[in-house]
There are 2 protein chains.
Amino acid sequence: MSASSGVPDGRRPTLADVAARAGVSTALVSIVMREAKGASAATRERVLQAARDIGYRPDARARLLRSQRSRLLGVQFGLQHPFHTDLVEGLYAAAEPAGYQIALSAVAAGRGEQRAVETLLDDRCEALILLGPQAPAARLAELAGQVPVVSVARRLRPSIPGLEVVRTADDKGARQAVDHLVELGHRDIAHIDGGRAPGAADRRRGYRTAMNRHGLAEHIRIVPGGLTEEDGADAARALSADRPRPTAVLAFNDRCATGVLDVFLRCGIAVPDDISVVGFDDSHLARLAHIDLTTVGQDIPRLAQLAVGRAIARLEADETADETVAVGEQVIAPHLVVRSTTAPPR
Amino acid sequence: MSASSGVPDGRRPTLADVAARAGVSTALVSIVMREAKGASAATRERVLQAARDIGYRPDARARLLRSQRSRLLGVQFGLQHPFHTDLVEGLYAAAEPAGYQIALSAVAAGRGEQRAVETLLDDRCEALILLGPQAPAARLAELAGQVPVVSVARRLRPSIPGLEVVRTADDKGARQAVDHLVELGHRDIAHIDGGRAPGAADRRRGYRTAMNRHGLAEHIRIVPGGLTEEDGADAARALSADRPRPTAVLAFNDRCATGVLDVFLRCGIAVPDDISVVGFDDSHLARLAHIDLTTVGQDIPRLAQLAVGRAIARLEADETADETVAVGEQVIAPHLVVRSTTAPPR
DNA sequence: TCGACTGGTGCGCTCCGGGGC
DNA sequence: TGCCCCGGAGCGCACCAGTCG
């Protein structure tokens, strides 16, 4: 058998095993393991040594079961979204120093948001951080009734109790993109939108507003898209057949923009000479030098930091029965990152 | 407060709450919730209704604490590795139908493998599935002494007890790549290696063997690389200054190859006209039409399926004290995927 | 009085032994 | 003899109320 250490049978060592070996009570071992006060330095060392000897590890589940707080933040994210994995990295960085743990639950092919959230809840996460959730607002409101929920990168009515929103000013981002393109001399600027994806409505609106403001109302052209490369590719195929063809395209996000680049490349439409392309997110993807996408950057570390901060604030507020911390919504400014997929029209 | 349902105070409903409401014992509710036999259809419905009424959800942690089995598979993966996220998708698909849960733990900036594994162990995972682990073999052996460990995509001595290996025949993959390039007419083929990364040694060896077999021993050129885009970029910069410049490059993996493509692009070295590039993995990245990388494909669904299968086999074997299931190593054949980054030299 | 330590209880659940029709 | 159902013990731990110098 693969029992390596300490306890006779294959069992995993427990507090009691350590206690027996150190010749103290389980309560004392608990004190030592939690680094609580109430043990002398000498005993502390003796207990620690005994724990090391038999390879003891506290059982996180039992620990959480007993202590009312779990200090666990459940995170739902899209496995294949570079923007999400970038965010997750930031969430870890923000949560662990604050003494909170992150429980990940991925949304992937064959594993929807419903299932992702359920496993998080079953694991007794104290709060949920949802990255770009697509569930109906009603469902999120229902969730928020059970546990504090932070929605990242999706706008929602801030009035929903228990629900915090951390997001980028998507409309402003779209406006920045349009401004940049207009400044380069473009007038015929199309937008490939994200449909019902989080942020899509605001980006669409920002695009419209900016176009109007530049007196380009008659050039407004919104092509149905989505958040994957495939969606971008479909839209690009439609666009490339259009006459007149736009001289610039603002895609819903970086993945979508990548799909657009692909199709143009294959059609012999040069970027940025024949057409300029702008993405959204500034995820790892956009930074790949081979793609080198001009894009609207979201401040990912900041979003992550705020998301964790809001979740924790919520929890500590619940603890003190103090509801005044309700902020509801944090909106972060985006910033345009100019790379090589935009240029003046010719 | 945000208590939405059922139980008076903010508490999360428990078995006892459901039992009280349905007028039965907690034991019976447990039976119903587990879908075990021992309850009449009528009571079952009544209990279920009560559970729905108060919004009851079983506490996974308490459940696992009590039942000796946790049916939890801990997965360590690299957040930013497309190959890993692809694998994770496959792991979910393989585990859930088999009645096992997946607990994810990411390796990211500021969060090393050690930490990733520790949280998995603390959560009482029954087995560990490590994607491309970089830890020393001794450390993995130690881990395998505590719990069944499956190493995916990293070769290890199969004789380590408790350790299963599921991997691609990396040497064969490298050979396929070289064969392809030679067939196209290349002779001066360089290899950007992965250093100490999982699989790197085998790919390097496969490359060497293939070159020798084709009588190209004097053209063997191994450039230090790594598994990120940055590593690839560094190597490409070195290569592009070399005289004579190779006419083809086999990169350690897709990410590395992407970095190579970037640098060549910026240097005005045309791919595949001036130089051919081959990646490894066939992750999402390689399939992006804009990258459209010729690459050595790993059979990701198969690897995932096998990893889960081996872990489970291990567990069920431990259960019956039957050690004959020890297989140790499963090696899967790779297959070349030809896309647009390879062509005859000119 | 205070620091060092312990016994006992219960977190939410599973499961065994047993009882009633 | 079934099938339904219940009481109660205990998983590994945290934490309270104590006891002892």
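- Between the CG atom of B:Leu65 and the P atom of C:dC15 there is a distance of 12 Å, given to the nearest Å.
- Between B:Arg71 atom CZ and C:dT14 atom C1' there is a gap of 15 Å when expressed in whole angstrom units.
- A:Arg46 and A:Gln49 share no side-chain donor-acceptor pair at under 3.5 Å.
- Using a 4.0 Å heavy-atom criterion, one finds that B:Leu15 contacts the bases of the nucleic acid, with or without backbone contacts as well.
- Heavy atoms of other residues, nucleotides or ligands lying less than 6.0 angstrom from CZ of A:Arg139 number more than 12.
- Of the possible donor and acceptor atoms, one in the side chain of B:His84 sits under 3.5 Å from a partner among the backbone N and O of B:Gly78.
- For the pair B:Val88/B:Leu131, a side-chain contact is recorded, criterion being any heavy-atom separation below 4.5 Å from C-beta on.
- A donor atom on one side chain and an acceptor atom on the other are found under 3.5 Å apart for A:Arg34 and A:Ser30.
- Under the 3.5 Å distance criterion, with hydrogens and angles disregarded, no donor-acceptor pair is assigned to the side chains of A:Gln305 and A:Arg302.
- Between B:Arg52 and B:Glu45 a salt bridge is recorded (basic side-chain N to carboxylate O distance below 4.0 Å).
- The side chain of A:Arg66 approaches C:dT9 more closely than any other nucleotide in the set C:dT14, C:dT6, C:dT9.
- Contacts between chain B and DNA chain D, taken as any atom within less than 4.0 angstrom of a protein heavy atom, begin and end at D:dC4 to D:dG12.
- Residues A:Leu315 and A:Pro148 meet the side-chain proximity criterion, which asks for heavy atoms closer than 4.5 Å.
- If you take CG of A:Leu28 and C1' of C:dT6, they are 8 Å apart, rounded to a whole angstrom.
- Of the residues in residues 116-127 of chain B, not one places a heavy atom less than 4.0 Å from an atom of DNA chain C.
- In summary, A:Asp122 and B:Arg63 do not engage in a salt bridge, as defined by a charged side-chain N under 4.0 Å from a carboxylate O.
- Between B:Arg167 and B:Arg154, every side-chain heavy-atom pair lies at or beyond the 4.5 Å cut-off.
- Both B:Ser25 and B:Gln68 lie near DNA chain D, and the one whose nearest nucleotide falls closer to the 5' end is B:Ser25.
- Residues from residues 33-44 of chain A placing a heavy atom under 4.0 Å of any atom in DNA chain C, listed by number, are A:Gly38, A:Ala39, A:Ser40, A:Thr43.
- Of all heavy-atom pairs between A:Gln76 and A:Leu120, the closest is N-CD2, 4.1 Å.
- Distance CD1 (B:Ile31) to C1' (C:dC13): 13 Å, rounded to an integer number of Å.
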